[in-house]
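In what follows, a single structure is set out as structure tokens and then discussed.
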Amino acid sequence: MAVTKELLQMDLYALLGIEEKAADKEVKKAYRQKALACHPDKNPDNPRAAELFHQLSQALEVLTDAAARIERLREEGSRQLQEQQRLIQEQIRQERDQRLRGKAENTDDKGTPKLKLKWKCKKEDESKGGYSKDVLLRLLQKYGEVLNLVLSSKKAGTAVVEFATVKAAELAFQNEVGLASNPLKISWLEGRPQGMAGPSYPGLSKGSVLSERDYESLVMMRMRQAAERQQLTARMQQEDEEGQPT
């Protein structure tokens, strides 16, 4: 069937009163119950009965059709990514407004902030787990000026980074995830802002984004997540096709 944009934007599961994980048998059962209740012949005084009956028929066709279901999943994934990008852009705008008003805090009473970096690395690994000093600087300098970066010579997979400002260190702590094949674990060593708690985690945070480069880095991470969702829907489509009788 041809799936319209309006149909994809509807909450078809809520329309039928079922959960998103419902099997085809449950979808059909819910449709029969709803369709009988709102059939136009049984509701001659309700002008919306015919429209609702038509929507129920469309919902049944979409939710029991593998190709339409895959298209719906892709549409939902695209909308989620757009919303994430909008939120990141809003974070950038708020940070710029703060800087213009002179409210951005660049220093504190504890001196320059330092973060401890850890990742998986064996002593004999010449590649240092993928993290050379240049790689680490490239990852961290997008958040602000790095005053010093020291890789431990005694313990593989450990480094200390010193930022020029608390804001830069806070952004790195909250947003940096490192290489996808070998994620970073980041913790505060010195200069941690008061009231800030919890480990480092990827994605958006309560802190604001500092620059366009921060935005691009976070969006690329979201794009990778979107690609993973597309691979999942493709596998679902393949499984559905393999399960259909020839």
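Treat the numbers as computed from the prediction; the structure is a model and nothing was measured. When a residue number appears, it is its place in the shown sequence, counting from 1.
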* Can you find a heavy atom in the side chain of L139 that is under 4.5 Å from one in the side chain of Y131? -> yes
* To do: Report the distance from atom NZ of K185 to atom CH2 of W119, rounding to the nearest 0.5 Å.
  => 13.0 Å
* Min side-chain heavy-atom separation L12-L60 under 4.5 Å -> no
* Applying the 4.5 Å side-chain criterion to the ILVMFWY set and letting contacts propagate, would V146 and L179 be lumped into a single cluster? -> yes
* Looking only at side chains, do Y13 and E19 share a donor and an acceptor under 3.5 Å apart? -> no
* Do K29 and E26 meet the salt-bridge criterion of a basic N to acidic O distance under 4.0 Å? -> no
* Linking I/L/V/M/F/W/Y whenever any side-chain heavy atoms sit under 4.5 Å apart, do V150 and V135 land together? -> no
* Side chains of D125 and S127, donor plus acceptor under 3.5 Å -> yes
* Asked: Going by atom types only, do E145 and Q141 share a side-chain donor-acceptor pair under 3.5 Å?
  -> no
* To do: Would you check if the side chain of N175 reaches a backbone N or O of Y143 as a donor-acceptor pair within less than 3.5 Å?
  => no
* Min side-chain heavy-atom separation L149-V160 under 4.5 Å -> no
* **Atom NE2 of H39 with >12 non-hydrogen neighbours under 6.0 angstrom** => yes
* **Side-chain ion pair, R192 and E170, N-O less than 4.0 Å** => no
* From the options L147, L115, T112, select the one residue that forms a side chain to side chain contact (heavy atoms under 4.5 Å, CB included) with F163. => L115
* **Co-membership, hydrophobic cluster, residues L117 and W188, 4.5 Å side-chain** => yes
* To do: Could you please spell out the steps behind the salt bridge (charged side-chain N to carboxylate O under 4.0 Å, His left out) verdict for R86 and E83?
  => CA-CA 5 Å; R86 186 192 67 77; E83 177 63 14; 2.7 Å; yes
* **Transitive ILVMFWY side-chain link L189 to L136, under 4.5 Å** => no
* Using a 4.5 Å cut-off on heavy atoms from C-beta on, say whether the side chain of K123 contacts that of K155. => no
* Report the C-alpha distance between V27 and L16 in whole Å, list the side-chain angles of each, state the deciding distance to 0.1 Å, and finish with yes or no for side chain to side chain contact (heavy atoms under 4.5 Å, CB included). => CA-CA 8 Å; V27 174; L16 290 173; 3.9 Å; yes
